[in-house]
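Both ligands and their constituent atoms are indexed starting at 1 by order of listing.
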Amino acid sequence: MQTVVELLSIMDARSELKTLLAEIERHNELYHGQDAPEISDDEFNALKRRALAIVERFPLLKPAKSALDQVGAAPRKEFEQITLAVPMLSLGNLFTDEDLEGFLTKIVNFIGKDAAENLMFTAEPKMDGLALNLRYEFGKLTSASTRGNGEVGEDVLPNVRTIPEVPQVVVGAPDILEVRGEIYMERAAFLAINAQREIEGKPLYKTPRNLAAGSLRQLDATETAKRPLRFCTYGWGEVSTMPADTQMGMLDYFKKLGFFVNPLIRLVSADHLLDAYSALQDARPGLAYDIDGIVYKIDNLALRQRLGFTSSGPRWATAHKFPAETATTTLVGIDIQVGRTGALSPVARLHPVIVGGVEVSNATLHNEDYIAGIGQKGPIREGRDLRIGDTVTIYRAGDVIPKVLDVDLSKRPADAAPYKMPENCPVCGSLAVRDIDPTTGKLGSVRRCTGSLVCEAQGVERLKHAVSRDCLDIDGLGDKQIDYFYENTTLPIKSLGDIFTLRTRDADLGNVLRTWAGYKDTSVNKLFDAIDKARKQQLHKVIFALGIRQVGESTAKAIAKLYRTWDDALENFVGIARDDQAAIKRLTELDGFGAAVCDGIKEMFSNTAVVEAVTNFVSELQIEAVKATEAGPLTGKTIVFTGSFSSMTRDEAEAKAESLGAKISGSVSAKTSILVAGEKAGGKLEKAKALKVVQIMDENEWLALVG
Ligand code: IVH
């Protein structure tokens with residue numbers, strides 16, 4: 001269960017944001033860079049929303065440049081980069097008829113009623129592939145680039161030369177002509193290629209789009225040549241002399257030059273855009289390729305020039321999305337998968353069915369409430385639950401993993417019983433519990449395995465966390481090595497304690513480790529020394545290393561300061577797990593600690609197998625007791641930093657302030673004690689002046705204060 005953003009401390013927010021941005025970047029790269037998404041668009045958007053919520057609350061934490069600003073993915077390193085002569089922009093999206101009204105109104109307001117009279121649009125199928133820019137110089141194809149980040153794309157010319165639909169030369173064209181369109185693959189070709197890959201035991205492509213993208217970006221062009229890619233033209237980039245003054249005119253011209261232009265493109269007035277939309281939607285199931293909507297573009301190029309662009313795309317064009325494609329099938333079973341965080345996820349096993357041209361045999365069911373017909377905001381599917389044997393409607397909204405939309409109760413078998421979520425983890429057998437949402441006090445929707453350190457599904461991630469820099473910090477034992485030792489049968493590391501018995505276990509086996517690849521005598525010794533060095537630990541690092549839910553780095557520090565020794569900490573953790581009110585009171589009296597932290601502790605220390613693993617681990621360590629600290633000079637003060645500083649980074653300044661007992665805040669309020677204003681301080685400085693109560697100082701005064 002996530003802590004609500006409002007309750008995050010700046011330290012926890014910072015570390016969560018760091019993880020989130022890394023995740024977002026990774027998924028961005030998987031989607032755009034490797035054409036192999038691991039999560040659905042919805043899940044991806046949820047990560048982004050969470051990160052945005054955090055930077056909204058703590059604007060100071062927003063990095064100057066991050067995955068949050070990125071369109072598409074950075075170009076891949078294997079390909080040469082091409083700076084596009086004219087950027088390749090994206091389109092805005094409409095979902096409803098009202099959205100369309102809004103789009104048209106903005107155009108009329110912008111160019112005025114007169115100019116907007118008899119406005120004509122092209123209505124074009126929105127091909128679900130990837131955009132390509134072809135550059136012809138003096139009639140010869142000289143470059144081919146993907147969209148990349150919109151300004152710099154990847155040079156895929158050798159691959160594009162293998163696509164029959166892309167002319168190598170064009171006769172009678174302007175000296176410089178850039179033609180743009182979509183690379184895509186027909187559904188039949190997608191299915192055939194996947195069928196072959198299945199026989200060869202290779203991973204399957206999720207969608208025709210992923211396959212087209214993957215094919216275009218093969219490092220070896222002979223591989224691309226084996227894939228039946230198509231290219232459909234709908235636009236242009238740099239053109240030295242324009243051959244026409246309308247979109248339709250341009251498309252006709254491209255056809256004459258030998259390009260393929262979609263024959264379903266229509267020229268319609270504003271009143272008929274929705275007719276074009278319905279007609280295309282009707283035609284959609286019969287098309288040989290995937291489309292995900294329709295694109296409306298103003299036909300008249302002079303008007304386009306006047307309308308120009310906003311940051312989200314052209315004012316003169318937009319995409320109108322189609323609703324997701326659906327299909328009906330039966331729910332034959334429900335499997336439980338345990339994620340790396342211990343969340344139990346029910347997965348629907350479906351009788352195979354084609355949805356939008358792709359065979360589907362499972363769908364996500366999210367959690368037990370979802371199965372029961374309840375969502376966060378009340379009933380879903382009007383409260384209808386899902387039972388094995390049910391007839392269900394499923395849909396794919398461009399996502400990799402389909403979802404269950406509805407259930408037909410009239411077809412429910414008489415003996416179908418309500419689904420009961422298992423109360424034990426199918427992987428390790430530990431109790432699986434639902435937590436209480438600290439803000440609502442209600443049961444959370446996710447059931448989680450309490451096996452943490454002893455659950456095979458979670459163990460490896462828990463270990464990686466424990467050995468990381470901010471925890472035990474063991475040199476030579478990173479993610480890669482943990483993965484390796486976790487799977488190893490000779491010298492396995494399955495639990496935290498196993499790390500510290502590695503040396504003796506290796507000796508017992510006659511020093512085998514040094515015979516392994518990459519582990520010569522010296523590096524084995526280095527590893528053992530690093531492990532031994534890590535036996536000496538500060539209490540907060542050990543607490544953080546345990547991976548107790550709700551206990552981030554700063555919480556771990558506060559807990560360590562409270563208990564001061566491991567023995568006291570353990571006694572209290574076990575007490576909290578036993579509902580000992582004195583132990584609970586002692587912890588919750590700490591500033592900012594709610595029931596959530598107690599829940600996290602309770603969850604971990606109620607599981608005897610976990611307590612045993614923790615005790616084994618700790619018996620290998622020498623944990624320093626925390627010295628009693630006097631109050632710092634800034635204890636109880638709330639400090640806001642604004643503007644830029646010359647002698648320190650903001651992170652440094654904040655860490656210093658925190659080490660002296662201060663609390664950091666991102667915004668000025670009546671509670672602010674000190675505002676440290678650097679260069680170009682703006683609104684916060686104004687506000688602080690207005691609030692008078694606040695002490696304002698510049699960088700030098702701050703340095704003088706903190707030494
Ligand atoms: S026009 C500024 N026309 O959709 C104009 N794009 O969401 C941008 N697409 O990157 C493109 N069919 O990959 C245009 N008929 C069509 C399209 C189309 C598919 C894709 C294209 C673009 C994305 C924008």
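The nearest heavy-atom contact from the protein to atom 5 (C) of ligand 1 is L91 CD2, 3.8 Å. Of all protein heavy atoms, the one lying nearest to atom 20 (C) of ligand 1 is E182 OE1, 3.5 Å. If you check which protein heavy atom lies closest to atom 15 (N) of ligand 1, you get E124 OE1, 2.9 Å. Protein heavy atom in closest approach to atom 18 (C) of ligand 1: Y234 CZ, 3.4 Å. Nearest non-hydrogen protein atom to atom 23 (C) of ligand 1 is K126 NZ, 3.9 Å. Counting protein heavy atoms only, atom 10 (O) of ligand 1 is closest to R147 NH1, 2.7 Å. Taking atom 12 (N) of ligand 1 as the reference point, the nearest protein heavy-atom neighbour is M127 N, 3.0 Å. For atom 2 (C) of ligand 1, the closest heavy atom belonging to the protein is P314 CG, 3.6 Å.
Between the side chains of Y277 and D97, no donor-acceptor pair of N or O atoms lies under 3.5 Å. Looking at T222 and D220, their side chains do bring a donor and an acceptor atom within 3.5 Å of each other.
The aromatic rings of F121 and F103 are tilted relative to each other, their planes meeting at an angle between 30° and 60°.
Contact annotation: for A131 versus ligand 1, heavy atoms closer than 4.0 Å belong to both the backbone and the side chain. At a heavy-atom cutoff of 4.0 Å, ligand 1 is contacted by no atom of M88, backbone or side chain.
Distances below 4.0 Å separate heavy atoms of L89 from the following atoms of ligand 1: 8 (C). In the vicinity of P125, heavy-atom distances shorter than 4.0 Å reach the ligand 1 atoms 12 (N), 15 (N).
Within 6.0 Å of CD in E165 there are more than 12 heavy atoms belonging to other residues, nucleotides or ligands.
Counting heavy atoms from C-beta on, the side chains of V295 and T318 never come closer than 4.5 Å. Residues T233 and R180 fail the side-chain proximity criterion, which asks for heavy atoms closer than 4.5 Å.
Under a 4.0 Å heavy-atom criterion, K297 is in contact with ligand 1. Residue A317 places every heavy atom at 4.0 Å or more from ligand 1.
No option in R227, R209, R230 other than R230 meets the salt bridge (Lys or Arg N to Asp or Glu O under 4.0 Å) test with E186. Of the residues F190, Y234, Y289, the one that meets the ring-ring contact (aromatic ring centres under 6.0 Å, His included) test with Y184 is Y289.
One N or O on the side chain of S278 and one on the backbone of L274 form a donor-acceptor pair closer than 3.5 Å.
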